[in-house]
Number of protein chains: 2
Amino acid sequence: MSVLLKPVLYSYFRSSCSWRVRIALALKGIEYDLVPVNLIKDGGQQLGSDYRKVNPMQQVPALTIDGLKLSQSLAIIQYLDETRPTPRLLPQDPKKRAQVRMISDHIVSGIQPLQNLAVLKQVGEEKMVSWAQHYITRGFQALEQLLQDTAGKYCVEDEVSMADLCLVPQVYNAERFKVDLTPYPTITRINQALLELEAFKQAHPSRQPDTPPEMRA
Amino acid sequence: MSVLLKPVLYSYFRSSCSWRVRIALALKGIEYDLVPVNLIKDGGQQLGSDYRKVNPMQQVPALTIDGLKLSQSLAIIQYLDETRPTPRLLPQDPKKRAQVRMISDHIVSGIQPLQNLAVLKQVGEEKMVSWAQHYITRGFQALEQLLQDTAGKYCVEDEVSMADLCLVPQVYNAERFKVDLTPYPTITRINQALLELEAFKQAHPSRQPDTPPEMRA
């Protein structure tokens, strides 16, 4: 029975979308097998015909679980939350759930797709960094504003939520592209608080099975 | 009491993200006031300081409802579905819900952000069309594949869902950018079935208060 098999996560250590799902799995204590998909090696292992059967979009992450083949990080996280509800990643109050989804989508649709590896290749070596900085900056200006209405200790009040799973990997990307974070004190404060949590540490790119030795923490 | 006020939708007739929310409102029979935000006129009315207070990301749609100020189409649609559940836009079965969200996110994060107006401006006049075609084609190849596992009459079996609200506006964009749709018979068939439904007709860009006379149906 496929439901008795351990879930399998297809992941790349530095992929921010994979990282979101790794945090969810860690927070919920779900055991899984990890299949590394190297986005650089062999011209991109996600482009091979084997992986295409797992995720036709040829992106990570993908998760096989309960006989399902899922891609898209937020769809995966919400499935995990609906079927393995402890600890919950969306609040009970519909208004707060809406805020969690708004912030998550803001990052997942509004920022990340415009600075991912495949798009930056398309943009070209020369403009790559300024392009990524432009979209992250624009997104963070708005995010800092949104958080004024929603944040407590974390993105939406004091409970860790799906929004926080999106925030931390996006801040890591901002740092990679040397975006100045001083104008975003709320983003920075929440990111630091989250990085203290064990699940966020476990899921970090510096501690994955496919992390290259020189990048290990 | 703010909860007694009619919801206000900030929308642009041709914005595919606004259109998704208009379909949800129409399907659920929710009355609302519409504030048109012209993305072209005055250098883009979404960039003005007034609208920035509604949505700091300076994009449409936004919805004020029940005392909340929401942006991001899927966050809005899911809030509507959780608070006004008839007819439901996410199935009851968690596995099917996951498939609806996967297809929705595939379009909303994987395709639309890469071919929206602001990004195409950044890409430049010369490359604009080929850029948009590239990302829509890549997304539709994967989507056609995903639908083989999920589709019935609509994207996920035979009930209209959030995924369908994302599909129709994305096909419209594909047509605007003259993407050849013949390789995508499932996408095309579902799109046609959906366009027959009254809510999809009402929400169409050709029938909005801000539709210019020459584009009215």
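Just so you know, these numbers come straight off a predicted model, no measurement behind them. Residue numbers start from 1 in every chain, and the chains themselves are labelled A, B, ... in the order their sequence lines are given, proteins ahead of strands.
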[X] to [Y] - nearest heavy-atom pair and separation:
| X | Y | answer |
| --- | --- | --- |
| B:H106 | A:Q72 | CA-NE2, 3.3 Å |
| A:L68 | B:K95 | CD1-CG, 3.7 Å |
| A:P113 | B:L114 | O-CD2, 3.7 Å |
| B:A98 | A:Y79 | CB-CD1, 3.7 Å |
| B:D105 | A:A75 | OD2-N, 3.4 Å |

Only heavy atoms, only distances under 4.5 angstrom. Which residues in residues 136-157 of chain B are near chain A? B:R138, B:G139, B:Q141, B:A142, B:Q145, B:L146, B:D149
So which residues of residues 11-19 of chain B are in contact with chain A at a heavy-atom cut-off of under 4.5 Å? none
With sequence neighbours excluded, residues passing side chain to side chain contact (heavy atoms under 4.5 Å, CB included) with A:S161: A:V100, A:A163, A:D164
In terms of heavy-atom proximity below 4.5 Å to chain A, should B:Q58 be classed as side chain, backbone, both, or neither? neither
Give, as side chain, backbone, both or neither, the part of B:K69 having an atom under 4.5 angstrom from any heavy atom of chain A.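 Interface part for B:K69: both.
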Has B:K96 got more than 12 heavy atoms of other residues, nucleotides or ligands less than 6.0 Å from its NZ? no
I'd like to know whether CZ of B:R52 has more than 12 heavy-atom contacts from other residues, nucleotides or ligands below 6.0 angstrom.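 Counting other residues, nucleotides and ligands, CZ of B:R52 stays at 12 neighbours or fewer.
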If you round to the nearest 0.5 Å, how far is [atom2] of [Y] from [atom1] of [X]?
| X | Y | atom1 | atom2 | value |
| --- | --- | --- | --- | --- |
| B:S73 | A:M102 | OG | CE | 13.0 Å |
| B:D93 | A:E82 | CG | CD | 10.0 Å |
| A:Q78 | B:Q78 | CD | CD | 5.5 Å |

Name the region of A:T83, side chain, backbone, both or neither, that has any atom closer than 4.5 Å to a heavy atom of chain B.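 Contact with chain B: side chain only.
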Side-chain atoms of residues 117-126 of chain B: list all donor-acceptor pairs with protein atoms under 3.5 Å, sequence neighbours left out, distances to 0.1 Å.
none

